[in-house]
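Order of appearance sets the numbers: ligands from 1, and atoms from 1 within every ligand. Quick caveat: nothing in here was measured; it's all calculated off a predicted structure. Every heavy atom of this structure was used, including side-chain atoms; hydrogens, water molecules and symmetry mates were not.
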Amino acid sequence: MRLDVVTIFPDYLRPLDLSLIGKARREGLVDLHVHDLRDFAHDRHRTVDDTPYGGGAGMVMTPQPWAEAMNSLGVSGQAAAAARPGAAVETPAANPVLIVPGPAGRLLTQEFARELAAQPWLAFACGRYEGIDERVYEHAADDLGLRVEIVSLGDYVLNGGEVAALAMIEAVTRLIPGVVGNPASIVEESHSDGLLEHPLYTKPSSWRGREVPRVLRSGDHARIADWRAQAARERTRARRPELLGQSAVEEVPDLELRPAVPADAPELLVLQRCCWLDEGRIADSWTIPPLVEDLDDVRRALARWSTWVVRDAAGRLVGSVRARAHEGLWEVGRLMVAPDLRRRGLGRRLLAHAEALAPVSVTSIALITGAASTANQRRYRRAGYRPSPSERTLLPSVEGTVEFVKRVAALPELS
Ligand code: ADE
């Protein structure tokens with residue numbers, strides 16, 4: 001990813017040489033350039049501000065140095081020209097997303113950070129004083145064709161955009177594959193699933209009369225996952241209750257899960273096509289089985305798998321999951337929830353239901369999910385599943401998927 005930061009205080013960005021981001025820069029994962037806005041001012045005092053039209057306290061940053069700074073980054077006007085109806089210009093040159101930190105902007109959330117981490121190029125414009133002349137944003141969007149995002153760290157005011165840019169760059173770059181050594185730590189931390197992270201403990205197991213919760217020393221990964229999910233919900237309810245309404249914790253009213261019958265097949269076909277469209281788009285593959293199966297395929301699968309469905313109060317089929325036994329293994333699949341009922345715990349309930357009905361002889365539960373479906377992978381990790389090492393998968397391999405496994409047999413207590 002390329003990053004440019006334009007500021008009148010380049011030294012503020014020096015911490016970006018340190019720690020994981022410094023390492024990512026040295027390894028070429030992040031190509032970061034810091035520019036002094038004053039290099040684009042032309043008077044003796046290198047002035048970049050002036051008094052506000054309409055009066056008022058403080059100074060406003062003038063547009064000309066900003067326009068020249070953007071030019072110096074190699075931002076082309078082609079994207080804008082191409083965006084105009086009937087324009088002759090071909091594919092626009094890659095341009096950065098222009099990020100302007102400011103308290104009047106869109107809040108930086110983990111979801112927004114993930115969206116930014118997928119961009120090839122971000123340019124940060126760090127304002128000072130009262131702010132930047134509004135025409136700079138208009139010029140960037142209309143004349144240069146840039147996507148302009150005013151982004152806030154929170155509802156408080158900093159002295160300028162530099163500290164905010166530092167925080168944003170850290171939040172974004174740590175999501176780039178390879179920047180953080182252990183990718184699992186990104187999946188499991190606060191906000192990755194809309195909730196605050198569960199409490200953490202390390203050795204010693206007893207410290208000043210305080211014990212590590214027993215379940216965490218049991219080695220039973222399924223129980224540990226349940227405990228952590230419950231602790232994350234309790235912590236979120238206590239500290240950030242407003243997050244609950246937006247996350248998977250807002251439960252749908254008690255809907256009854258029941259075994260599927262052949263008459264459910266047409267609705268199951270509709271739901272699976274709808275649910276796997278996103279996977280098709282993410283993987284850029286339109287031949288994945290849930291998308292190409294027809295009604296007879298779904299009917300045949302009902303005969304071979306135990307399938308459960310859930311209907312809403314109006315009788316609409318809104319969720320389903322299926323499972324079948326192999327030797328010592330319970331394979332779970334086709335977990336799906338109607339788009340309007342997602343993020344309310346229904347998927348978790350369906351998964352828990354399928355898990356609870358595993359035969360007692362089962363020691364592992366396995367499932368596959370799209371190799372590029374990071375959101376699904378996060379959900380399965382939250383539910384206690386871990387990726388199978390590629391040389392030791394339990395299910396037949398399916399191109400474009402990864403296998404996740406959860407052990408269900410209790411292990412002996414760890415010392
Ligand atoms: N600049 C000043 N205050 C800010 C904030 N809260 N977030 C981002 N940038 C800022």
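In terms of protein heavy-atom proximity, atom 3 (N) of ligand 1 is closest to Leu158 N, 2.9 Å. Nearest protein heavy-atom neighbour of atom 7 (N) of ligand 1: Leu153 N, 2.9 Å. Nearest non-hydrogen protein atom to atom 9 (N) of ligand 1 is Gly102 N, 3.0 Å. Looking only at heavy atoms of the protein, atom 6 (N) of ligand 1 is closest to Tyr156 O, 2.7 Å.
No N or O atom of Gly161 sits closer than 3.5 Å to an N or O atom of ligand 1.
Between Glu355 and Lys406, at least one side-chain N (NZ, or NE/NH1/NH2) sits under 4.0 Å from a carboxylate O, which counts as a salt bridge. In this structure, Lys23 pairs ionically with Glu27, as a charged nitrogen and a carboxylate oxygen lie closer than 4.0 Å. Between Arg46 and Asp39 there is a salt bridge, since at least one side-chain N of the basic residue sits less than 4.0 Å from a carboxylate O of the acidic one. A salt bridge links Glu149 and Arg147; the closest N-O separation between the charged side-chain nitrogens and carboxylate oxygens is under 4.0 Å.
The side-chain tip of Arg334 points at the ring of Trp276 from less than 6.0 angstrom away and within 45° of straight on.
For ligand 1 and Val157, the ligand atoms under 4.0 Å from any heavy atom of the residue are 3 (N). Those atoms of ligand 1 with a heavy atom of Ser152 less than 4.0 angstrom away are 6 (N), 7 (N), 8 (C). If you number the atoms of ligand 1 from 1 as listed, the ones under 4.0 Å from a heavy atom of Ala164 come out as 8 (C), 9 (N).
Here the options are Leu3, Val6, Asp4, the test is side-chain contact (heavy atoms from CB on, under 4.5 Å), and the partner is Phe124; only Leu3 passes.
Considering all non-hydrogen atoms of both residues, Ser72 and Phe40 come closest at OG-CZ, 3.3 Å.
In this structure, Val151 has a heavy atom closer than 4.0 Å to ligand 1. By the 4.0 Å heavy-atom criterion, Gly160 is counted among the residues contacting ligand 1.
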